[in-house]
Amino acid sequence: MKKIISIILIVIALLTCVIPTTALAANNTEDDIYFTQEEFHALNPIYAEYEEISNARATGLIIRKNLAIAKNGSSLVISGYTYGSSDVIKCGFEEVVIQRRASTSASWSDYKTYEDLYSESAKYTLNKSLTIATGYQYRVTAIHYAKKSLFSTQKIEVATGYLTF
């Protein structure tokens with residue numbers, strides 16, 4: 001009897017270690033898509049506009065950045081990238097939030113959030129597509145992220161214009 005209980009406890013312990021890892025990995029890749037720049041440009045995307053802000057804490061680790069959304073039938077397509085300088089060891093998006101509002105509303109509400117989208121290099125490319133409900137306006141907010149060391153990171157917040165579905 002003790003042997004059976006021990007085996008059951010081992011199986012439960014192994015399952016609790018595997019399940020959270022699998023769920024987290026699936027969360028970040030379920031909406032990933034792959035397309036060429038020409039295919040994306042054919043969708044007439046709306047690009048985020050960046051304002052140059054003088055900030056003493058900005059470190060210059062992010063050298064190029066981009067974020068855009070486009071409509072493809074009933075799908076919202078998100079494309080973007082974060083490029084870091086050559087000494088960056090981690091680069092990408094700390095957070096990407098899809099927001100929506102009814103056309104009669106003035107305030108945005110969060111619809112879907114992606115967190116910790118990055119690579120262990122100086123370059124990260126984002127390509128997502130998700131089917132959404134009609135009757136709303138959608139936009140995307142994001143935080144570009146680059147890390148050189150524990151004490152040297154840079155974050156840049158951005159929001160795109162909106163699309164009506």
Side-chain angles (χ1 to χ4, degrees), residues 18-53 58-148 153-165:
V18 172
I19 291 173
T21 305
T22 304
L24 180 62
N27 186 31
N28 284 342
T29 60
E30 65 188 16
D31 301 323
D32 287 350
I33 59 167
Y34 301 97
F35 50 84
T36 66
Q37 285 298 321
E38 291 79 22
E39 291 171 330
F40 184 71
H41 288 296
L43 298 175
N44 298 318
I46 295 176
Y47 290 91
E49 293 185 21
Y50 292 88
E51 291 183 29
E52 292 301 320
I53 300 171
T59 60
L61 296 177
I62 297 173
I63 57 173
R64 289 184 60 205
K65 60 204 174 299
N66 189 13
L67 183 65
I69 58 173
K71 187 191 267 190
N72 187 15
S74 63
S75 294
L76 177 68
V77 180
I78 306 164
S79 178
Y81 59 79
T82 307
Y83 294 168
S85 60
S86 61
D87 50 356
V88 165
I89 60 170
K90 184 177 178 182
C91 191
F93 293 87
E94 183 177 80
E95 181 178 74
V96 175
V97 181
I98 299 158
Q99 296 179 323
R100 75 177 183 181
R101 69 179 178 190
S103 58
T104 58
S105 175
S107 62
W108 293 96
S109 61
D110 292 352
Y111 178 70
K112 183 163 184 152
T113 301
Y114 301 99
E115 294 179 332
D116 297 328
L117 301 172
Y118 65 88
S119 67
E120 300 285 339
S121 70
K123 179 180 177 182
Y124 181 82
T125 302
L126 168 71
N127 292 309
K128 300 268 185 205
S129 177
L130 66 150
T131 304
I132 49 165
T134 59
Y136 293 94
Q137 295 174 336
Y138 292 86
R139 75 174 184 179
V140 174
T141 64
I143 302 172
H144 292 276
Y145 176 83
K147 175 182 176 182
K148 178 179 173 181
T153 62
Q154 182 179 10
K155 297 178 184 180
I156 299 174
E157 295 181 17
V158 66
T160 65
Y162 66 88
L163 290 172
T164 303
F165 282 80

Could you pull out the closest heavy-atom pair between [X] and [Y], with the gap in Å?
X	Y	answer
Gly84	Ile63	O-CD1, 3.5 Å
Cys91	Ser121	CB-O, 3.2 Å
Ala70	Pro45	CB-CA, 3.9 Å
Ala159	Thr141	CB-CG2, 3.8 Å
Lys71	Gly73	CG-O, 3.7 Å
Asn127	Ser79	OD1-OG, 3.5 Å

Side-chain donor or acceptor of Ser75 paired with backbone N/O of Val77 under 3.5 Å: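 Answer holds: no.
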Is Gln154 reaching over with its side chain to a backbone N or O of Leu61, donor-acceptor style, under 3.5 angstrom? yes
For atom NZ of Lys155, is the number of surrounding heavy atoms from other residues, nucleotides or ligands below 6.0 Å larger than 12? no
When you look at OH of Tyr81, are more than 12 heavy atoms from neighbouring residues, nucleotides or ligands closer to it than 6.0 Å?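 Yes - once you tally the heavy atoms of other residues, nucleotides and ligands closer than 6.0 Å, there are more than 12.
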Beyond-backbone contact of Arg101 with Tyr162, side-chain heavy atoms, under 4.5 angstrom: yes
Any chance you could measure [X], atom [atom1], to [Y], atom [atom2], to the nearest 0.5 Å?
X	Y	atom1	atom2	answer
Thr153	Lys148	OG1	NZ	12.0 Å
Ile98	Lys112	CD1	NZ	7.0 Å
Glu95	Tyr145	CD	OH	13.5 Å
Leu163	Asn72	CG	CG	11.5 Å
Leu67	Ile156	CG	CD1	12.0 Å
Thr82	Lys65	OG1	NZ	9.5 Å

For Phe93, what residues pass the ring-ring contact (aromatic ring centres under 6.0 Å, His included) criterion, not counting sequence neighbours?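 Result, ring-ring contact (aromatic ring centres under 6.0 Å, His included) vs Phe93: His144.
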Residues forming a ring-ring contact (aromatic ring centres under 6.0 Å, His included) with Tyr136, sequence neighbours excluded: none
Compute the ring centroids of Tyr138 and Tyr111, then answer whether they are less than 6.0 Å apart. yes
Answer yes or no on whether Arg100 is positioned over the face of Phe165, meaning its NZ or CZ is under 6.0 Å from the six-membered ring centre and within 45° of the axis. no
Could you walk me through whether Val96 and Lys128 pass the side-chain contact (heavy atoms from CB on, under 4.5 Å) check? CA-CA 10 Å; Val96 175; Lys128 300 268 185 205; over 6 Å; no
Derivation of the side-chain contact (heavy atoms from CB on, under 4.5 Å) call for Gln137 and Trp108: CA-CA 9 Å; Gln137 295 174 336; Trp108 293 96; 4.0 Å; yes
